[in-house]
Every structure is written in structure tokens, then in C-alpha cells.
Amino acid sequence: MDSPMILVVIGKNEVEEFLHYKDLIPRLEVALGEFSKPDREDIQPVRCTVPLQRYNGFLGLMPAYLAHEDFLCTKMVCFYKRESGSNLPSTRATVLLIDPEYGNVNAVMDGDVITAKRTAAVSAISAKLLMPAKSEVFTILGSGHQALSHYNVFTETFSFKQVRVWSWRRESSERFAQAALGPVTVCESVEEAVNGADVIVTATRATEPVLFGQWVKPGAHVAAVGACRPDWRELDDVLMSKAEVYVDSREGAAAESGEVILSGAKVFAELGEVLNGTRPAQREKTTVFKSLGMGIQDAVAAKLVFEQWKRHH
Ligand SMILES: NC(=O)c1ccc[n+]([C@@H]2O[C@H](COP(=O)([O-])OP(=O)(O)OC[C@H]3O[C@@H](n4cnc5c(N)ncnc54)[C@H](O)[C@@H]3O)[C@@H](O)[C@H]2O)c1
Ligand SMILES: O=C(O)[C@@H]1CCCCN1
């Protein structure tokens, strides 16, 4: 017998309409905390990846089960090592909601907005915990989808005196600055962009380091969002060795993060451990939050979207 639900398709516009940072952030904080408990019940295997060599990319499968909420879903995300000048998106994602009792699919949802917003929301949580107490200068490296979602949530959540952007191509940085809701200073080089910055987000497709420790102010917080393969980097060894390293999942970082694996840096804590109070937030030190993305983050976001969708239909 099937579950009584019929299959619904929820597109990008609806996900955008139903997913708000003010709802997403507190729920992600709870989920990250649950994930980092030794007796966790939520289930999330490390991403399974299928190489797509012909296209220089991967298909990532990201299932998750939120046990307390009896919510089961999986994201399917293709991500590519695009040429630097390419205008094609580096990730495309879809989320399937599955009835945990009967096994049938209840909903197919756009995953691009979910990926953009939940990733930025988790970086904002890292900054809330780890950035210097008086943070005035915020720098974004990259000017793509993640750069924009990070700009949106960081400027919505914190008050910076200056926001700077650097990107591979100046035209893209200028387009980014025009699309942003507030003033953004376009920088010519990474060094200029990060000089004196308190908070730095790296959201590029780089596979070799673009951010070097010698340029980063002591005590700054870096949320590193790109470089999600064991041999890809955005940050150099100097930065990885001078910073206290926080991750979303230790297991994920050990399997997938070039920054962690190649530098040999020790992971100090998961964000969830800081949220649970079992590891300290070393705000006064230079900190790196290495983000790789987790299925439970997608599940939290997809659940919120589905709740709102049901309310409106
Ligand atoms: N941590 C997570 O959960 C998570 C989630 C989604 C995406 N990502 C990763 O974040 C990164 C950005 O994703 P996006 O969706 O914004 O991509 P995007 O394609 O929209 O933007 C990528 C940006 O990187 C710049 N760029 C390209 N090649 C570069 C290079 N060699 N050096 C420096 N900059 C370069 C581009 O100009 C562009 O500004 C990707 O690496 C992606 O895989 C991580
Ligand atoms: O968690 C995610 O959704 C992304 C997909 C692309 C690779 C990095 N992580």
C-alpha cells in the first residue's frame, strides 16, 4: 500500500519564497548540535560521489534521516570543476522527499536555492560563534551563487562597516556589487581584499590556494566554502597551520577536504560541538570553518520548505 500523499514538484521560485534565514538558522543550529552528540540518532552517511570524468565533475548523493522528526530525504547534486572563465553553474541540485514508512517519493524539490541558502546560513552560524567580537570588515572571495547568498545572510545578520569582494574577473565583481543591496568595494587582488578583514568567506571554484595565510589578519575568521574534493584547495598551508580549524563534520572533512587532508591540519571541533558547549569557540584566535555541506542541512531546509508549501496549498 502507498502512503496517501501524492507526488508534488516544488520549483525554484517556491523554494525561494518559503525558505527564510530567520527560520533556517535556528533549526540548523539545533540539527548541527544533534549531529555532534555522541549518541546522535540522525543519520547521514558521508556523501557518495560518482565521478563524471568526461565532464570534469561529480554526482554527489546526500541522503539524510532526521530521526526525531521522522523526515527522510536525499539531495542529488552535480558539481563541476569548470574552466575559470565558464559561466555555467558549478553545482546543480535536486532534493527528493521520501516517505520513511512506505518508501515512496512525496516531493521533488529544487535543490539549488536550498544549497545556496543552507550553506550560507551555516557559514553565518560559524561567524556568529567565531568571528572577532568587533568585526567591521567583511570580505567575499568569489562572485557566484554562494558569494551572493553569503552576502545576503551576512549583511542581514551582522553590521559591518565595509563589505569587499574579489573575483577572478573584475566584470563579475562589478556585476556582483551592482546586484548587492548595499555598498560593496570591488578589489583588484585577494591581498587587497583581505587586508585587515575580520571575516572572510571563500566561495570560489579554485582547486589551488587563492587565500594565503600571510595576508590574513591574526584573529580573523575564515569560512571556506569551496574546495570540496580531497585534492582541491582554496587556503594555503600557512593559513591552515596558524588557524584553529572547525568543520561541519569531522568524518566529512577527513574524507573530502583538501585543505584538511593535504595540510595535515588538526580539526579542533565541529560547529555542533561548539553549539553544544562541549568544545570552546576560540574567537580571539585566527579561525577557519571548513564547510563541505551535509545532508542533514539539506533535510532541515527541505522540511521547512515542505511545511510552508503545505500551509499554502
Ligand atoms: N560547502 C558547501 O556546502 C558548498 C555548497 C555548494 C557549493 N560549494 C562550493 O562552493 C564553490 C562556489 O560555488 P558557487 O555555486 O558559488 O559557484 P559559481 O560557479 O556560482 O561561482 C564560482 C566563483 O568562483 C570564481 N572562480 C572560478 N574559478 C576560479 C579560480 N580558479 N580561482 C578563483 N576564483 C575562481 C568564479 O569567477 C565565480 O565567482 C564551489 O567550489 C562549490 O563546489 C560548497
Ligand atoms: O553540500 C553541498 O551541497 C555541496 C555540493 C557541491 C560540493 C560541495 N558540497
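Atoms within a ligand are numbered from 1 in the order they appear, just like the ligands themselves. Here the structure is a predicted model, which means the values were calculated and not measured. Throughout, residue positions are numbered sequentially from 1 according to the sequence presented.
Around the CD atom of Q162, the shell of radius 6.0 Å holds more than 12 heavy atoms that belong to other residues, nucleotides or ligands. Heavy atoms of other residues, nucleotides or ligands lying less than 6.0 angstrom from NZ of K128 number 12 at most. Sparse packing is recorded around CD of E251, with 12 or fewer heavy atoms of other residues, nucleotides or ligands lying under 6.0 Å away. For K81, the NZ atom sits in a loose shell: 12 or fewer heavy atoms of surrounding residues, nucleotides or ligands are nearer than 6.0 Å.
Within the 4.0 Å heavy-atom criterion, neither part of E234 lies near ligand 1. At a heavy-atom distance under 4.0 Å, no atom of T119 approaches ligand 2.
Here's the thing with W166: none of its N/O atoms is less than 3.5 angstrom from an N/O atom of ligand 1.
At a threshold of 4.0 Å, the pair R233-E208 does not count as salt-bridged, since none of the basic side-chain nitrogens sits closer than that to a carboxylate oxygen. In summary, R311 and E307 do not engage in a salt bridge, as defined by a charged side-chain N under 4.0 Å from a carboxylate O. R279 and E270 are not joined by a salt bridge, as no carboxylate oxygen comes within less than 4.0 angstrom of a charged side-chain nitrogen.
Applying the 4.0 Å criterion to heavy atoms of K75 picks out, from ligand 2, the atoms 2 (C), 3 (O). Less than 4.0 angstrom separates some heavy atom of G142 from each of these atoms of ligand 1: 39 (O). Listed by atom number, the atoms of ligand 1 under 4.0 Å from G293 heavy atoms are 1 (N), 2 (C), 3 (O). Annotation for ligand 1: atoms under 4.0 Å from non-hydrogen atoms of T115 are 5 (C), 6 (C). Counting atoms of ligand 1 from 1 in the listed order, those under 4.0 Å from a heavy atom of S291 are 1 (N), 2 (C), 3 (O). Numbered from 1 in the order shown, with element, the atoms of ligand 1 that lie under 4.0 Å from a heavy atom of L292 read 1 (N), 2 (C), 3 (O). Close approach of ligand 2 to T91 is summarised as follows: ligand atoms under 4.0 Å from at least one heavy atom of the residue are 6 (C). Within ligand 2, counting atoms from 1 as listed, the ones closer than 4.0 Å to a heavy atom of V77 are 5 (C). If you number the atoms of ligand 2 from 1 as listed, the ones under 4.0 Å from a heavy atom of C228 come out as 7 (C), 8 (C).
Between the side chains of Q282 and T287, no donor-acceptor pair is found at a separation under 3.5 Å.
The aromatic ring centres of Y246 and F289 sit 6.0 Å or more apart.
Looking at D248, T119, V225, it is V225 that brings a heavy atom closest to atom 9 (C) of ligand 1. Considering T204, L88, V201 only, the shortest heavy-atom separation from atom 41 (O) of ligand 1 involves T204.
Side chains of M240 and V260 form a contact here, defined as non-hydrogen atoms less than 4.5 Å apart.
Residue contact check for ligand 1: S167 places a non-hydrogen atom closer than 4.0 Å to it. The closest approach between E208 and ligand 1 stays at or above 4.0 Å for every heavy atom of the residue.
Under the side-chain contact (heavy atoms from CB on, under 4.5 Å) test applied with I114, the options L19, V77, T119, T94 reduce to a single match, L19.
At the shortest separation from atom 18 (P) of ligand 1 among protein heavy atoms lies S90 OG, 3.4 Å. Annotation: atom 39 (O) of ligand 1 to nearest protein heavy atom, S143 N, 2.8 Å. Summary of contacts: the protein heavy atom closest to atom 23 (C) of ligand 1 is A203 O, 3.9 Å. Given atom 22 (C) of ligand 1, the protein heavy atom at minimum distance is R205 CG, 3.6 Å. Regarding atom 1 (O) of ligand 2, its nearest protein heavy-atom neighbour is R118 NH2, 2.8 Å.
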